[in-house]
Amino acid sequence: MYDGGKIIIGLIIGIGFFTSPFFFNAGKAARRPEPELTQKAKDAKECVLETSYMKSSHMKLLDEWRQTFVRNDERYFTAKSGKVYYKSLQGTCLDCHSNKSRFCDQCHDYMGESPYCWECHIEPKESK
Amino acid sequence: MGVDRRQFLKIAGVAALAGLGGKAAVDILAPGDVEASMKALPLTEGKRWAMVINMPELNDEIMNKCIAACHEEHNVPEFGDPKVEVKWLWKEDYHHSFPDHHNEYIDEKYEHKFLLLACNHCSNPPCCRVCPTQATWQREDGIVMMDWHRCIGCRFCMAACPYGSRSFNWGDPRKAPKDKNPDFPTNINYPTRSKGVVEKCTFCDERISKGQLPACVEAANKLKKNVLIFGDLADPDSNVRQVLSKNYTIRRKPDLGTEPNIFYIV
């Protein structure tokens, strides 16, 4: 075999290169996000809808709020408990979840999501 | 999800260049479609909001307070450059506001009188007819509304509006010069807009829905009552109808047939 050594070295470098993302991320990734609740949220005990729904589908709720608020002039949302919420992203969601960086962003960073809402909607000021 | 407006526009632009956009564009712009889909909007209350502006009572102090109240309520920044300025409510002189009422010998006191201008919330709004995404449309109560989530920044509406009531965000409003906007954003409960969208007065939809008067009217009332009068034209007993029946009023460029809903007492 001609140049066997070089080929093998080349293969090793090649395999190293292709698997580098695994080594690079080893130990770093996979920390489950743990969204923190503010005192205000803890006192409220429950979210606008069931927690399981909020976990998986809060963006659907937000989309519906946005649509009905702006386009149909329907500005209040009545929860199953009978509690009435003003349909506002910054005024309602972020009033309870005012620790945006340790709540919303925890998950979103983990999932590689970055909702563009904050180009316009104003993030709460957080004491870090 | 996962694609924001700018990305979408870039993709759409490339697709259009590749010839894929052709059919979609024709579909969007077919005139019958736009009209048909406007009718499908749910009824709110079938009212017709209007404003009467009492010109002889206007002075600089009142006008400046009104403009400040509006722009603070809605986070409208000051750029200090007329080329990129964003305005919802602004001052203009009689001569430029009512070009069709002009004559050479008009009384000085009218010619250079300044008054307040804003979106006229026309009953026959040309901006809504040209909007390809229905980001601007007429509500059942007459308000010419904006849905900033849908605006793609094509600026057809700006070309269609004969009153210059719409402004384009040439840059990010949050990057407006800090020295001119020390407290920006002034109202944390109202979103700003972003680069590349059009904006204008919405007759304070967010306040009306809570039973409050528009911010400019409230500001004017604090200084003097009945300078700006806001109410329902559909109701024959309303404040605006009464004022209109007792005073001679004019509207901007009525010959265009847009049916403005801001009236000026001369």
Side-chain angles (χ1 to χ4, degrees), chain A residues 38 40 53-78 84-101 103-105 107-127, chain B residues 1-9 37-38 40-47 49 74-75 133-143 145-151 169 171-175 184-197 199 202-203 205-211:
Chain A
T38 56
K40 186 158 189 177
Y53 181 86
M54 291 310 287
K55 269 193 182 141
S56 63
S57 309
H58 56 281
M59 42 281 170
K60 281 193 200 138
L61 178 72
L62 281 172
D63 195 32
E64 196 193 301
W65 277 20
R66 165 172 75 172
Q67 184 80 12
T68 52
F69 179 104
V70 179
R71 302 200 73 87
N72 306 355
D73 198 22
E74 293 159 12
R75 311 230 150 169
Y76 294 91
F77 176 87
T78 312
V84 176
Y85 296 92
Y86 187 63
K87 292 181 191 170
S88 171
L89 175 56
Q90 63 215 61
T92 303
C93 306
L94 273 300
D95 182 40
C96 266
H97 303 299
S98 54
N99 53 346
K100 176 173 174 289
S101 62
F103 188 80
C104 316
D105 297 351
C107 278
H108 293 165
D109 291 350
Y110 178 75
M111 299 294 293
E113 277 288 324
S114 52
Y116 70 103
C117 319
W118 313 110
E119 282 177 23
C120 299
H121 291 266
I122 297 161
E123 301 176 50
K125 283 211 171 64
E126 294 181 55
S127 46
Chain B
M1 291 191 192
V3 181
D4 72 17
R5 180 196 332 276
R6 297 187 72 76
Q7 284 168 311
F8 171 78
L9 289 176
S37 47
M38 300 243 306
L41 283 171
L43 292 168
T44 40
E45 284 166 52
K47 292 182 182 169
W49 295 116
H74 303 108
N75 295 322
T133 60
Q134 288 181 46
T136 190
W137 78 102
Q138 189 179 29
R139 301 198 327 187
E140 292 293 331
D141 60 2
I143 292 181
M145 188 57 185
M146 281 297 304
D147 183 346
W148 282 284
H149 306 103
R150 284 205 193 184
C151 177
N169 282 284
D172 184 343
R174 295 184 191 184
K175 297 205 181 114
F184 193 83
T186 36
N187 177 3
I188 56 153
N189 287 314
Y190 199 85
T192 62
R193 271 66 57 201
S194 59
K195 181 178 175 179
V197 301
E199 61 183 80
T202 65
F203 260 177
D205 68 286
E206 80 286 0
R207 293 175 58 93
I208 295 176
S209 71
K210 292 180 185 159

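Numbers restart at 1 for each chain; the letters A, B, ... are given by sequence-line order, proteins then strands. Not measured: the values here are computed from a predicted model.
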Tell me the closest heavy-atom pair linking [X] and [Y], and the distance in Å.
{"X": "A/C120", "Y": "B/R174", "value": "O-NH2, 2.6 Å"}
{"X": "B/Y190", "Y": "A/I122", "value": "O-CD1, 3.4 Å"}
{"X": "A/R71", "Y": "B/A135", "value": "NH1-CA, 4.5 Å"}
{"X": "B/I188", "Y": "A/Q90", "value": "O-NE2, 2.6 Å"}

At what distance, to the nearest 0.5 angstrom, does [atom1] of [X] lie from [atom2] of [Y]?
{"X": "A/F69", "Y": "B/D147", "atom1": "CZ", "atom2": "CG", "result": "11.0 Å"}
{"X": "A/E74", "Y": "B/S209", "atom1": "CD", "atom2": "OG", "result": "12.0 Å"}
{"X": "A/R66", "Y": "B/W148", "atom1": "CZ", "atom2": "CH2", "result": "14.0 Å"}

Applying a strict 4.5 Å limit to non-hydrogen atoms, the region of B/N75 in contact with chain A is side chain

**Message:** For A/K100, is the NZ atom crowded, meaning more than 12 foreign heavy atoms sit under 6.0 Å from it?
**Reply:** yes

Handout entry: Side chains of B/N189 and A/S88 in contact at under 4.5 Å (non-hydrogen atoms)
Key = no

#### Entry: pair B/E206-A/R75: side-chain heavy atoms closer than 4.5 Å
yes

Whatever's closer than 4.5 Å to a heavy atom in chain B on A/E123 counts as neither

